[in-house]
Structures are given as C-alpha cells and as structure tokens.
There are 2 protein chains.
Amino acid sequence: MKTSPQKVFQQYLEAQGLKLTKQRTSILEYLLRAQNHSTPERIYRDLSAQDATLGRATVFRTLHLLERAGFVGKILFADGSHGYEHKFARPHHDHMVCVDCKQVIEFTNPTIEKLQDQISREFQFTPLWHTHEIFGRCRKCSQKAVV
Amino acid sequence: MKTSPQKVFQQYLEAQGLKLTKQRTSILEYLLRAQNHSTPERIYRDLSAQDATLGRATVFRTLHLLERAGFVGKILFADGSHGYEHKFARPHHDHMVCVDCKQVIEFTNPTIEKLQDQISREFQFTPLWHTHEIFGRCRKCSQKAVV
DNA sequence: ATTGATATTGATACTCAATCTCAATATGAA
DNA sequence: TTCATATTGAGATTGAGTATCAATATCAAT
C-alpha cells in the first residue's frame, strides 16, 4: 500500500467533493520539493515561469486549501511575514529563526508538547494547533555580532 | 522612588536622544489602559476620535518604537493579523487564542521557558524573543462546538 | 523667554500582499 | 459524450503598512 502525498491529497479532495487540477498538483509538488520555506509570492513567480497562465489567486487559494487540510503549515519570519512548509511524513517541529541570516532551525521537544497539552487541559482549552518560534541569532551570526 | 511607565518611557526617549510628544504619550496611555489587545487600526480610530489630527503613520511609528524599546509586544491572532500589549509590570506570558470567540488566555510555564533556553544552548543559538501561541477553542466554545 | 538645531508629525501618495468578481474553462460522475 | 458544478485567471479592489516632505514641536543652550 503506497500512500504518496499526491495520493493522500487526491483522496482528500475526493472526500470533500473537490477536484484535482493541474494547478493544485503543481503547487503541492512545488512544496514537496522545496528545501527552504516557500512564500506565496515565490511560489507564484517560480511556477508561473513554467506556466505563464497560472494565476496569483490560485496560489493563495491552494495554499489555504492545503493549510485547512493540514497538509501544510505556516512559518513566521522575524519581519512578520510568513511562508509555508509541507507536513507530509514530517514529525511536528517548531522553529528557531535567525534574525540576521534568516536561517530556520527546526527543533522538537516532547516535554514542551506535553506541557502544552497539560496547560490546555487545565484551562479546559481544546488545542488545535500552535506556533512556537524562538527568534534570535544562530551560532555563526552570534559570533559575528560580537562588537 | 516612583517609576511609572510614563517616567520609564520618558527616560528611554531621553537616553536615545528622542523627544517626548503628546502623540507618543497618548498612544502609550492608550495601551496602558486597554484591557483587550489593541490593533494599530483600532488605536488609530479611537485616538483620532479625540484628536482628529493624529496621523495613521504616527501610530505605526510609535508602536514600532515601543516594540523596539521592549515596552510592548505583539500578539498573533488566529487569522494571521496581530495586536499589541504593553509589558509594564507584567511578567512574561504566552497566549492561548480561541479561534471562535477570539478570547485570549494568558499562561506562563517556567519549565517551558527553561527548556527553550536549554534547546537554544544546544544549538548555540542566542534567543532574543519568542512567540508561543496555542490556537484552539476555549472552554465555552468547545462545549458549543460539539455537533 | 528666545533661539535654533533637529526630531517629529500628518497629509498624501504609494507599495504590495492578499482578496473579490465573474466570465470562461476544466473536471469527473453519469 | 454530456453536463452540473468546481475551478481558474485577469484584472479590479482592498487594506495594512511605508515613504516623502514641508510644516511643526521639542528641548537644550543661551
């Protein structure tokens, strides 16, 4: 039983009564092969270089669709803007973002996750998702920043 | 020795060679008395009702100034927009945001804070600030949401 | 109190991401 | 192949936030 992201996406669309289009596929595949975090504008620029008829609105619509479905997540940048990353076969993780070189380091901490659940329970709050980002300087930029 | 927020702000401005203006004062005081989290637009609307000459740009400029100075912090909302809260005489805290009623619940957890520092140290990352927000449904909205 | 260097302000124009509209098109079940 | 309808793209529009710059306010020095 082979469950590629494409397959999973297709099944999701079907279950929702939505249609699989080449635009949706191409945006999904862009995200799957992207190494760094992709902004909507960047995705639009890169993909419309291939297919000049691709519309900006479709990129935003598809990103929202993928986000609602839980297939992609947002990442915040230090300047307040944001990008997306796919979540196929990737365990949950949070981010450390370097304010100088913009590098994003991923981290996971099961204890923090547990504590979050515990806190939520205390408040009878039903957690749906969270963002946890530490902004600062990565090792290299910390060294450079010494005045 | 009395150190009101106003005094602290004044001293900060002086130290930076900046000037204390009535606009800056009035925006600071708005934030101090605000119960809920204030958006730039809301601040602008409310304050310009009093002083019709107040400019939108000044609100943004002052918020940035206050943020740089560490006197106010951002809070993210579930829709991606954000507001501000002052940090005078308030210990650090993080947020749980209800996606339905938009209520913001504050929480603090020293263990999480410690773990964050520990993780940063592991990566030789110098943390400057962080955002940690849990989105979900508050007690009341969880009950309502049962289908 | 007056002066004067300069930080600040507000009106306005502008930018740019994101959304809306809607006619044309693509999808997929029958 | 047909057809109901989900989707798309072009372009207009919105709206938050920024840049510009002449007019003004601040405050330290007189």
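Numbers restart at 1 for each chain; the letters A, B, ... are given by sequence-line order, proteins then strands. Since the model is a prediction, treat every value here as computed from it, not as a measurement.
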How many Å lie between [atom1] on [X] and [atom2] on [N], as a whole number?
{"X": "Leu13(A)", "N": "dA29(C)", "atom1": "CG", "atom2": "C1'", "result": "16 Å"}
{"X": "Gln10(B)", "N": "dT8(C)", "atom1": "CD", "atom2": "C1'", "result": "17 Å"}
{"X": "Asp51(A)", "N": "dT25(C)", "atom1": "CG", "atom2": "C1'", "result": "14 Å"}
{"X": "Gln16(B)", "N": "dT8(C)", "atom1": "CD", "atom2": "C1'", "result": "16 Å"}
{"X": "Tyr44(B)", "N": "dT9(C)", "atom1": "OH", "atom2": "C1'", "result": "13 Å"}
{"X": "Leu47(B)", "N": "dG10(C)", "atom1": "CG", "atom2": "C1'", "result": "15 Å"}
{"X": "Arg42(A)", "N": "dA17(C)", "atom1": "CZ", "atom2": "P", "result": "13 Å"}
{"X": "Ile27(A)", "N": "dT7(D)", "atom1": "CD1", "atom2": "C1'", "result": "12 Å"}

If you look only at pairs with a residue in residues 41-63 of chain A, which of them pass as a ring pair (Phe, Tyr, Trp, His ring centres under 6.0 Å), with sequence neighbours excluded? none
Can you confirm if the aromatic rings of His37(B) and His82(B) lie within a centre distance of less than 6.0 Å? no
Ring center gap for Phe71(A) and Phe88(A) short of 6.0 angstrom: yes
To check you understand the geometry: which heavy-atom pair defines the closest contact between Asp117(A) and Pro127(A), and what is its length? OD1-CG, 4.4 Å
Nearest heavy-atom contact between Leu31(A) and Ile43(A) is CD2-CD1, 4.0 Å
Between Gly17(B) and Arg61(B), which has a closest nucleotide on DNA chain C that is more 5'? Gly17(B)
Name every residue in residues 67-80 of chain B that has at least one heavy atom under 4.0 Å from any atom of DNA chain D, in order of residue number, or write none if there are no such residues. none
Below 3.5 Å is the cut-off: list the nitrogen or oxygen pairs between protein and nucleotides 13-17 of chain D, distance only.
none

Taking only the side-chain heavy atoms of Thr53(A) (C-beta and beyond), determine which of dA19(D), dT9(C), dG9(D) contains the nearest atom. dG9(D)
With a 4.0 Å cut-off on N to O distance, would you call Glu85(A) and Lys74(A) a salt bridge? no
Please report, to 0.1 Å, the donor-acceptor pairs under 3.5 Å made by any side chain of residues 8-20 of chain A, with sequence neighbours excluded.
none

Between Ser81(B) and Phe77(B) (side chain of the first, backbone of the second, donor and acceptor by atom type, cut-off under 3.5 Å), is there such a pair? no
Looking at Ser48(B) and Asp51(B), would you say the former's side chain and the latter's main chain have a donor-acceptor pair under 3.5 Å? no
Side chains of [X] and [Y] in contact at under 4.5 Å (non-hydrogen atoms):
{"X": "Glu133(A)", "Y": "Glu133(B)", "answer": "no"}
{"X": "Glu29(B)", "Y": "Gln6(B)", "answer": "yes"}
{"X": "Ile119(B)", "Y": "Met96(A)", "answer": "yes"}

Which part of the nucleic acid, if any, lies within reach of Arg24(B) when heavy atoms closer than 4.0 Å are counted: base, sugar-phosphate only, or nothing? sugar-phosphate
Stems field, DNA chain D, Watson-Crick or wobble, 3.5 Å, at least 3 pairs, by first number, holds C:1-30 with D:1-30
Please evaluate residues Ser142(B) and Arg139(B) with respect to the criterion side chain to side chain donor-acceptor pair (under 3.5 Å), reporting the C-alpha separation (whole Å), side-chain torsions for both, the decisive distance (0.1 Å), and the verdict. CA-CA 5 Å; Ser142(B) 294; Arg139(B) 188 176 56 73; over 6 Å; no
Heteroatom pairs (N/O) under 3.5 angstrom, protein to nucleotides 25-30 of chain D:
residue, atom, partner, partner atom, Å
dT26(D), O2, Lys19(B), NZ, 2.6
dC27(D), OP1, Leu20(B), N, 3.1

Check whether the side chains of Gln116(B) and His132(A) place a donor and an acceptor atom closer than 3.5 Å, and report yes or no. yes
